[in-house]
K.L.:
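Okay, handing you the structure first.
In each ligand, atom 1 is the first atom listed, and ligand 1 is the first ligand listed.
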Amino acid sequence: MSNPKRLPLAHTPTPIVPLTRLASKFGELFAGADIWVKRDDMTGGPEAGNKIRKLEYLFAEALARGSDTVVTCGGIQSNHARATAVVGAQLGLRAVLLLRTTSTDLDTKSAPLTGNVLCDRMVDADIQLITPAQYRERSALMSDVAARLAREGRAPYVIPEGGSNGLGAFGYVRAMEEVRKQIDLGLAGGKPFDILVHACGSGGTAAGVALGAARFDIASEVWPIAVSDDRAYFETVVERIVGEARAIDPTLPLPAPMQIVDACKGPAYGVANDEQKRVLVDAARATGLLFDPVYTGKAFYGLTEAAKRGELRGKRVLFLHTGGLPGLIAQGEELREALG
Ligand SMILES: *Cc1c(COP(=O)(O)O)cnc(C)c1O
């Protein structure tokens, strides 16, 4: 099979904008670098961010199979789970969300009503809180839930963590085709980039971006900035997803060269250190773009670290803003000091 079916859900093309006022907060740090942002935080309203591009393909398959329920998983403040729940509500499919919590209270109703969880509850997603130990067995757990739903007469469709499989990755192959059209129109400086930088959490965006960057000549290198786990883990995950995507569409080329960065993930998944928080606030004040402390803030912090090492001088850089605003809003108190 090639060219998998797509359900148009995202507002595209998203804009590409130059970052011209970074010096107001970062001084000479980015001098000599030509930095642009692809605004995938604008792919929609409450369903916005990078996940909806993958969901265009995953929901297309769910509908083609006659499913009435989608089952997925993530951290308690998962942007992916929220996007899945909101799109499910738009299309009339029930969303079952297995959400990981470190709280010992696994009663759904006790989860703080903020950020993504609030959005999930607004659209009446079926939230089941699970422990970190259970989360490690998430694929088996989702299969069990799907089997139980099927016995109850429902037609479930399982979406993996982050929507990250070969099919979901086509969302970012297509996003790179969109960037190619923008470059051809003379936007974004009218020529390809040297480096594409983005936050990496479950690997699907990295796989799709690297395949699409190669197919459509978008960037010589892709730098996924890991927000958890390490480089070896993501090399394995991304290679698997790339393999799945190329099995669906054998005309896809080998992916663009990738430098997975695992030195910028901070203390833990979802937790930013003081310096990362400062960069997040400075970036907002210098650009008007709001990054989040879980994903995009760490990726932008990675960009500042590369700039400190002089690696961006003379380079054209495309920073992919993957969304995550509800995750920022859920961490307001954590940012109190950085806000001054
Ligand atoms: C999920 C997510 C990412 C990471 O994308 P993956 O495809 O899971 O690696 C980056 N940024 C935001 C805001 C996300 O929600």
K.L.:
If you count the non-hydrogen atoms of other residues, nucleotides and ligands that lie under 6.0 Å from CZ in Arg21, is the total more than 12?
P.N.:
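Counting other residues, nucleotides and ligands, CZ of Arg21 stays at 12 neighbours or fewer.
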
K.L.:
Closer than 4.0 Å to some heavy atom of Gly203 - which atoms of ligand 1 meet that?
P.N.:
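In order of number, 6 (P), 9 (O).
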
K.L.:
Please could you name the atoms of ligand 1 that Ser164 approaches to less than 4.0 Å, counting only its heavy atoms?
P.N.:
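In order of numbering, the contacting atoms are 7 (O).
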
K.L.:
Heavy atom under 4.0 Å from ligand 1: found in Asn50's side chain, backbone, both, or neither?
P.N.:
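For Asn50, only side-chain atoms sit under 4.0 Å from ligand 1.
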
K.L.:
Which atoms from ligand 1 have a heavy atom of Gly204 less than 4.0 Å away?
P.N.:
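Those atoms are 7 (O).
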
K.L.:
Going by atom types alone, do Arg53 and Thr12 pair a side-chain donor with an acceptor below 3.5 Å?
P.N.:
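No pair is found: no donor N or O on one side chain lies under 3.5 Å from an acceptor on the other.
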
K.L.:
Please indicate whether Gln90 has more than 12 foreign heavy atoms, meaning atoms of other residues, nucleotides or ligands, lying under 6.0 Å from its CD.
P.N.:
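Atom CD in Gln90 is crowded, with more than 12 foreign heavy atoms closer than 6.0 Å.
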
K.L.:
Look at the side chain of Glu56 and the backbone N and O of Gly171, then say whether any donor-acceptor pair between them is shorter than 3.5 Å.
P.N.:
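Side chain of Glu56 to backbone of Gly171, a donor-acceptor pair under 3.5 Å: no, none is there.
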
K.L.:
Taking 4.0 angstrom as the limit and counting only heavy atoms of Cys200, give me the atoms of ligand 1 inside it, by number and element.
P.N.:
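By the 4.0 Å cutoff, the relevant atoms are 9 (O).
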
K.L.:
Taking only heavy atoms of Gly324 into account, list the atoms of ligand 1 that are under 4.0 Å away from them.
P.N.:
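That gives atoms 13 (C) of ligand 1.
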
K.L.:
Give the atoms of ligand 1, by number and element, whose distance to some non-hydrogen atom of Gly323 is under 4.0 Å.
P.N.:
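Contacts of ligand 1 toward Gly323, numbered from 1: 13 (C).
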
K.L.:
If the contact criterion is a heavy-atom separation under 4.0 Å, does Ala199 count as touching ligand 1?
P.N.:
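Contact check Ala199 vs ligand 1: positive.
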
K.L.:
One thing to verify: whether Arg148 and Asp144 come together as a salt bridge, which I'm taking to mean a side-chain N less than 4.0 angstrom from a carboxylate O.
P.N.:
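No salt bridge links Asp144 with Arg148.
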
K.L.:
Quick test of your reading of the structure: of His80, Lys51, Lys54, Gln77, whose heavy atom lies closest to atom 1 (C) of ligand 1?
P.N.:
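Nearest option to atom 1 (C) of ligand 1, by heavy atoms: Lys51.
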
K.L.:
So which heavy atom in the protein is nearest atom 10 (C) of ligand 1, and how far is it from that ligand atom?
P.N.:
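Sorting protein heavy atoms by distance from atom 10 (C) of ligand 1 puts Thr322 OG1, 3.2 Å first.
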
K.L.:
Is any N or O atom of Gly201, backbone or side chain, closer than 3.5 Å to an N or O atom of ligand 1?
P.N.:
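So ligand 1 has an N or O lying under 3.5 Å from an N or O of Gly201.
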
K.L.:
Between the side chains of Arg278 and Glu275, is the shortest nitrogen-to-carboxylate-oxygen separation below 4.0 Å, so that they form an ion pair?
P.N.:
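No, Glu275 and Arg278 are not salt-bridged.
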
K.L.:
Find all atoms of ligand 1 within a distance of less than 4.0 Å from any non-hydrogen atom belonging to Asn79, and give their numbers and elements.
P.N.:
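Contacts of ligand 1 toward Asn79, numbered from 1: 13 (C), 14 (C), 15 (O).
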
K.L.:
Can you confirm whether the side chains of Asn165 and Tyr57 place a donor and an acceptor under 3.5 Å from each other?
P.N.:
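Not at all, the side chains of Asn165 and Tyr57 share no donor-acceptor pair under 3.5 Å.
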
K.L.:
Measure the acute angle between the ring planes of Phe30 and Phe300, then classify it against the limits of 30° and 60° as parallel, tilted or perpendicular.
P.N.:
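Tilted: the ring planes of Phe30 and Phe300 meet at 30° to 60°.
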
K.L.:
With a cut-off of 6.0 Å (strictly less than), are more than 12 heavy atoms of other residues, nucleotides or ligands near CD of Glu28?
P.N.:
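Atom CD in Glu28 is not crowded, with 12 or fewer foreign heavy atoms closer than 6.0 Å.
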
K.L.:
Could you tell me the residue and atom name of the protein heavy atom closest to atom 8 (O) of ligand 1, and the distance to it rounded to 0.1 Å?
P.N.:
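Minimum-distance protein heavy atom for atom 8 (O) of ligand 1 reads Ser202 OG, 2.5 Å.
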
